[in-house]
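Reading through the structure tokens given below for one structure.
Computed over heavy atoms, backbone and side chain alike; hydrogens, waters and symmetry mates excluded. Lettering of chains follows the sequences in order, A, B, ..., and the numbering in each one begins at 1.
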There are 2 protein chains.
Amino acid sequence: MPAPSHATEATRRAILDAAAELLAEAGAERLSIREVCARAGVTAPTVYHHFGDKDGLVLKVLEDSFTAFVQTVDALDKPQDPIEALARAWDGYVAYGVAHPMHYRIMFVRLAHTTPIPAATAAFQRLVDVVSAAEAEGLLVPPLEDACKAFWSAMHGVTSLIATGYLPPDAPASALVRDAVIAHITRPRDGARRPAKTKRSKP
Amino acid sequence: MPAPSHATEATRRAILDAAAELLAEAGAERLSIREVCARAGVTAPTVYHHFGDKDGLVLKVLEDSFTAFVQTVDALDKPQDPIEALARAWDGYVAYGVAHPMHYRIMFVRLAHTTPIPAATAAFQRLVDVVSAAEAEGLLVPPLEDACKAFWSAMHGVTSLIATGYLPPDAPASALVRDAVIAHITRPRDGARRPAKTKRSKP
DNA sequence: GGGGGGGCTGTAACAGCGTTATATTTTCCA
DNA sequence: TGGAAAATATAACGCTGTTACAGCCCCCCC
């Protein structure tokens with residue numbers, strides 16, 4: 001198996017880029033192989049030679065999306081305080097969904113864990129890590145697994161409603177749910193003051 | 001325009017039932033008009049005569065789903081205490097997603113409010129009502145709109161992860177997020193004790 | 001340098017899809 | 001009973017994903 005030449009690798013990338021672009025525009029079901037071919041300047045059998053079938057192509061695009069997602073998360077600065085780190089991770093997660101709504105929808109909704117994607121498990125590991133950091137300092141109330149799932153559920157709820165257009169990107173609901181979940185799965189550090197709830201002054 | 005005969009109404013129902021069944025089995029993109037026709041014992045133009053096109057058919061199925069959803073919610077008993085009513089509404093909402101995962105996914109994810117559905121706004125109104133009940137007794141902290149969106153976001157996050165198979169139906173995360181959000185958007189009634197967090201005894 | 005083999009790409013076709021123009025039957029009212 | 005309108009069927013169009021087949025081209029080895 002010789003190393004792939006530059007030309008063939010360029011073809012692969014052209015197809016993947018066209019597919020990713022089309023996926024973001026129209027969604028997975030409206031993505032057409034022929035349209036991908038037209039944009040990438042290749043013909044159908046080339047796509048099938050490289051990616052097997054349409055699902056294989058979409059899967060590879062999603063792998064790239066998950067990789068980019070992990071890189072986005074890793075690029076965030078990590079506050080020392082584990083609880084602040086949770087809030088930062090939340091905001092970073094939601095920001096990715098705001099920036100790439102269609103990809104987010106396909107990654108976390110349409111996919112529905114039919115095929116294991118390494119980058120996807122890596123992404124979930126980042127979540128476990130940031131929650132574990134709170135646990136390591138004795139700041140976690142429920143078991144780690146429950147806390148992770150609760151955190152992810154709430155985060156996903158906010159993000160998916162934004163990604164589908166039900167909520168505006170800057171909805172106060174995001175911070176509201178974020179603070180609620182963080183407050184509920186963590187205990188205040190000894191001697192530290194928990195940040196107050198966001199309140200509205202009522203005359 | 002004569003009233004539709006029993007026969008024609010029966011074919012409508014046969015088509016709708018077949019479509020709803022197929023939708024729950026395979027999802028919207030894999031629903032095929034021809035398969036619906038085969039199951040309902042009709043031919044394609046009949047479907048197009050009654051529902052316009054495939055989207056129209058799916059839309060009608062979703063209308064029925066939303067109506068059933070509202071009926072399910074309305075059938076729940078409503079505790080006097082607004083905060084307990086919030087928890088009950090949460091559980092009812094999640095239970096519907098558990099019972100009809102594919103329909104839930106299509107109703108709240110794929111649809112993405114492209115077309116207004118009266119029954120859908122009625123469903124949202126039920127949510128507003130139960131949150132308003134808490135506000136009416138002065139138990140709400142954030143503005144009503146923010147509280148509704150936060151409540152819905154968290155509820156949808158839990159439900160959609162269950163509906164897509166990421167979380168088991170009886171995940172403790174549901175109760176965890178539920179209690180977190182309710183605790184955060186409401187204030188304790190004077191003289192009432194807020195139910196304690198679920199804690200694990202640590203030796 | 002020249003075969004030659006194998007990965008890569010194009011041609012042309014198939015079955016299935018949503019959709020519709022047209023024709024035919026059925027139904028209901030005057 | 002006649003006739004109009006609603007309801008259904010036939011057959012076809014263009015599109016889709018997919019693939020058998022054939023040719024190209026690059027790279028390795030003699």
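Checking the phosphate oxygens (OP1, OP2) of C/dG16, no side-chain nitrogen or oxygen of B/S32 falls inside 4.0 Å. Between B/T11 and D/dA7, a side-chain N or O to OP1/OP2 separation shorter than 4.0 Å is absent.
B/H103 meets the ring pair (Phe, Tyr, Trp, His ring centres under 6.0 Å) test with no other residue; sequence neighbours excluded. Applying the salt bridge (Lys or Arg N to Asp or Glu O under 4.0 Å) test to A/D77 and every residue at least two apart in sequence or in another chain returns A/R88. Legend: residues meeting salt bridge (Lys or Arg N to Asp or Glu O under 4.0 Å) with A/D129, ordered by chain and number and at least two apart, are absent. For A/H100, the ring pair (Phe, Tyr, Trp, His ring centres under 6.0 Å) partners at least two apart in sequence or on another chain are A/Y96.
Each ring pair (Phe, Tyr, Trp, His ring centres under 6.0 Å) pair with one or both residues in residues 73-92 of chain B, not counting sequence neighbours, appears once here: B/W90-B/F151. The side-chain hydrogen bond (donor to acceptor under 3.5 Å, both in side chains) contacts involving residues 44-61 of chain B comprise nothing, where partners must be two or more places apart or lie in separate chains. Sequence neighbours left out, the pairs with a member in residues 149-166 of chain A that pass salt bridge (Lys or Arg N to Asp or Glu O under 4.0 Å) are A/E145-A/K149. Within the structure, no pair that satisfies the salt bridge (Lys or Arg N to Asp or Glu O under 4.0 Å) test touches residues 115-124 of chain A, not counting sequence neighbours.
Taking atom CD1 of B/I33 as the reference point, atom P of D/dT16 lies 18 Å away to the nearest angstrom. Distance, B/E29 CD to C/dG18 P: 12 Å, rounded to whole Å. The distance between atom CG of A/L22 and atom P of D/dT16, rounded to the nearest whole Å, is 11 Å. Rounded to whole Å, atom C1' of D/dT8 lies 10 Å from atom CD1 of B/I15.
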Side-chain polar contacts of residues 12-35 of chain B - donor-acceptor pairs under 3.5 angstrom, sequence neighbours left out - could you list them?
from, atom 1, to, atom 2, distance (Å)
B/R13, NH2, B/D64, OD2, 3.2
B/E21, OE2, B/R39, NH1, 2.8
B/E25, OE1, B/R39, NH2, 3.1
B/E25, OE2, B/R39, NH1, 3.3
B/E29, OE2, A/R110, NH1, 3.4
B/S32, OG, B/R34, N, 3.2
B/S32, OG, B/E35, N, 2.9
B/E35, OE2, B/R39, NE, 3.2

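Applying a 4.0 Å cut-off to non-hydrogen atoms, the residues of residues 46-58 of chain B that approach DNA chain C are B/Y48, B/D53, B/K54, listed by residue number. Contacts between residues 35-42 of chain A and DNA chain D, defined by a heavy-atom separation below 4.0 Å, involve no residue at all.
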Measure all distances between protein nitrogen or oxygen atoms and nitrogen or oxygen atoms of nucleotides 10-13 of chain D, and list the pairs falling under 3.5 Å.
none

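The only option from B/L161, B/V109, B/V94 that meets the side-chain contact (heavy atoms from CB on, under 4.5 Å) definition with B/H156 turns out to be B/V109.
Between B/F108 and B/Y93, the ring planes lie tilted relative to each other; the angle falls in the 30° to 60° range.
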